[in-house]
**Student:** 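There's a structure below that I have some questions on.
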Amino acid sequence: MHDLKLIRDNPEAFDASLARRGFPASAAAVLDLDLKRRDAQTRLQVMQARRNDASREIGQVKGKGGDASALMAEIATLKSDIQAADEADKALAVEMDGLLSSIPNLPAAEVPEGGEEANTEIRRWGTPRLAEGAAHYELGEGLGLMDFEAAARMSGARFVVLKGALARLERALGQFMLDLHTTENGYTEVAPPVLVRDQAVYGTGQLPKFAEDLFRTTNGFWLVPTAEVPLTNLVREQILDDAQLPLRFTALTPCFRSEAGAAGRDTRGMIRQHQFAKVELVSITTPEQSAAEHERMTACAEEVLKRLDLPYRVLLLAAGDMGFGAVKTYDLEVWLPGQKTYREISSCSNCGDFQARRMQARARASGAKNARPVHTLNGSGLAVGRTLVAVLENYAQADGSIVIPAVLQPYMGGLQTIHPHA
RNA sequence: GGAGUCGUGGCCGAGCGGCUGAAGGCGGCGGUUUGCUAAACCGUUAUAGGGGCUUAAACCCCUAUCGAGGGUUCGAAUCCCUCCGACUCCGCCA
């Protein structure tokens, strides 16, 4: 959600920023509506002021036992006008809300202009295994521990059943990530709801524009597409002290995505599923802290890949490739020998005050009069399903067995290798 | 699921349908007192929007807001309805 004042003060800059995302100019429409709204508001307020005065007089006159019928008659004529003006004003407010809430956040100055092709590689880590490797689904099925057909029989496409050591490997990855972030990176573990109301999903920006990407229960709950939703909404409608910030939350949750519009993409394997596990990182900061926190959060996510010894690169996303609420986004892409390419495994975004405005999450500097919207950041630390894919493909041996990364072995009861038929 | 109670400002907590945007307290801020700390005392302290004045701020005026949304009324924090949330008791269940 945008600050209307900002658009009023500098409509050209606002449109120029949107243009960098490839988003059409919107300031004129906003300002036009704003003008209409203010006009309607003024007309309404003049009538309300008169009504309030007259009502007060009526009270006084009646209190002295006088006759107030003349005043009452006057207001009676005002009444329908007030109602009409009130409705007009509300309609305009709703219209403005709809308009503002459908405009994406403005990219930071250092974000490259353009679409996906303008994404910029920032750094690389590790040495990719360039030899042709087996795909994770071949490896998993070869192990007899990854079953897409069984999943399809009960749930259809884009689901998977993991069994035995692979099921445990997924659990191990989640535990390892969570432990790293809570014991070394300063995040507080949270076990949040994964079914949430409209307002929560609106707060983080998936609603109203992206409803089709989400699953919804018959009684109106949304299944969270990421723990970003519940973790960020932890501070909704709260007024915090700057001194409490930054707050850092992490959670391991299932994530649910309809993948409408992804038909035909990544149809094989575990890369794109309707349901997957993810460890999410969320930070709530002051406006001054968010840029540095963004770097810190990205480093926390990278640390997971380093400890797993998985080669990756970091991309600074171009304005047009960023998510709706992001000011700036780093994507972490892990090397997948099966595809001989880097694939996204984490996305770390600074959302500035965009989500905070929608959630009414504010913080006050000590002694300060006014509370300001906080800044919110979120990042995957990491997508567990895709990390499993990366481990399989990067740790596969010639005979189809999978070596367990050293840091995971304690979580696997000391198991060092997963053999076929295990 | 059945029966009931409740939802007020940063927090706690009053509030007869008519100068109540809201008593009081805590906290915060400013000041007095003080060797320092503590305490005491005085003053001040909601948010959003619109408008006036101004280079700007301060300031002034208006409107809205007492969980949310409707309704009744000349007038609603106060009455009615719906929803959301909290709590209590009973029943049921992991």
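Lettering of chains follows the sequences in order, A, B, ..., and the numbering in each one begins at 1.
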**Student:** Produce a footprint string for nucleotides 57-76 of chain B: one letter per nucleotide, 5' end first; B if the base is under 4.0 Å from any protein heavy atom, S if only the sugar-phosphate is, - if neither.
**Tutor:** -----BBS-----SS-SBS-
**Student:** Do any N or O atoms from the side chain of A:Asn105 and from the backbone of A:Gly325 form a donor-acceptor pair under 3.5 angstrom?
**Tutor:**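 Checked: pair present.
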**Student:** Starting at the 5' end of RNA chain B and moving along, which residue's nearest nucleotide shows up first, A:Ile239 or A:Arg197?
**Tutor:**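 Comparing both residues, the 5'-ward one is A:Ile239.
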**Student:** Less than 4.5 Å apart, any side-chain heavy atom of A:Val304 and any of A:Phe176?
**Tutor:**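 Yes, close enough: below the 4.5 Å cut-off.
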**Student:** Taking the C1' atom of each, how far is B:C93 from B:G4, in whole Å?
**Tutor:** 23 Å
**Student:** With rounding to whole Å, what would you report as the distance between B:C79 and B:U73 at their C1' atoms?
**Tutor:**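 10 Å, rounded to whole Å.
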**Student:** Return the value, rounded to whole Å, for the distance between atom CE of A:Met47 and atom C1' of B:G50.
**Tutor:** 15 Å
**Student:** Give none if B:A76 has no partner; otherwise give the nucleotide forming a Watson-Crick or G-U wobble pair with it, both distances under 3.5 Å.
**Tutor:** none
**Student:** Kindly write out the residues that satisfy salt bridge (Lys or Arg N to Asp or Glu O under 4.0 Å) with A:Glu170, not counting sequence neighbours, or none if the list is empty.
**Tutor:** none
**Student:** Base, sugar-phosphate or nothing for A:Arg8? Non-hydrogen atoms, less than 4.0 Å.
**Tutor:**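 Counting heavy atoms under 4.0 Å across all strands, the contact made by A:Arg8 is with sugar-phosphate only.
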**Student:** Taking A:His136 for the side chain and A:Met270 for the main chain, is one N or O donor matched with an acceptor at less than 3.5 Å?
**Tutor:**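 Judged by distance alone, yes, a pair lies under 3.5 Å.
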**Student:** Check whether any side-chain N or O of A:Arg158 sits under 3.5 Å from a backbone N or O of A:Arg272 as a donor-acceptor pair, and report yes or no.
**Tutor:**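 Yes.
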**Student:** From CD of A:Glu237 over to P of B:C11, roughly how many Å is that when rounded to an integer?
**Tutor:** 12 Å
**Student:** Taking the C1' atom of each, how far is B:G30 from B:A86, in whole Å?
**Tutor:** 38 Å
**Student:** Output the rounded distance in Å from CG (A:Asp241) to C1' (B:G27).
**Tutor:**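 It works out to 11 Å between those atoms.
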**Student:** If we take the C1' atom in both B:U32 and B:A48, what is their distance in whole Å?
**Tutor:** 36 Å
**Student:** Between A:Phe354 and A:His375, does the ring pair (Phe, Tyr, Trp, His ring centres under 6.0 Å) criterion hold? Intermediate values first, please.
**Tutor:** CA-CA 8 Å; A:Phe354 191 81; A:His375 279 201; over 10 Å; no
**Student:** Would you mind writing out the side-chain donor-acceptor pairs for residues 404-414 of chain A within the sub-3.5 Å range, not counting sequence neighbours?
**Tutor:**
from	atom 1	to	atom 2	distance (Å)
A:Gln409	NE2	A:Ile404	O	2.9
A:Tyr411	OH	A:Asp179	OD2	2.6

**Student:** Expressed as a whole number of Å, how far does the C1' atom of B:C12 sit from that of B:U37?
**Tutor:** 28 Å
**Student:** Expressed as a whole number of angstroms, how long is the span from A:Arg357:CZ to B:A48:P?
**Tutor:**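 About 11 Å, once rounded to whole Å.
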**Student:** Mind checking the C1' distance from B:G31 to B:G85? Whole angstroms is fine.
**Tutor:**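 My reading of the C1' atoms in B:G31 and B:G85 gives 43 Å.
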**Student:** In whole Å, what is the span from the CG atom of A:Asn233 to the P atom of B:C84?
**Tutor:**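 That distance rounds to 18 Å.
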**Student:** Would you say B:G51 has OP1 or OP2 under 4.0 Å from some side-chain N or O of A:Arg38?
**Tutor:**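 The answer is yes; a side-chain N or O of A:Arg38 sits under 4.0 Å from OP1 or OP2.
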**Student:** Roughly how many Å apart are B:G7 and B:C59, using the P atom of each and rounding to a whole number?
**Tutor:** 34 Å
**Student:** Distance between the P atoms of B:G15 and B:U54, in whole angstroms?
**Tutor:** 47 Å
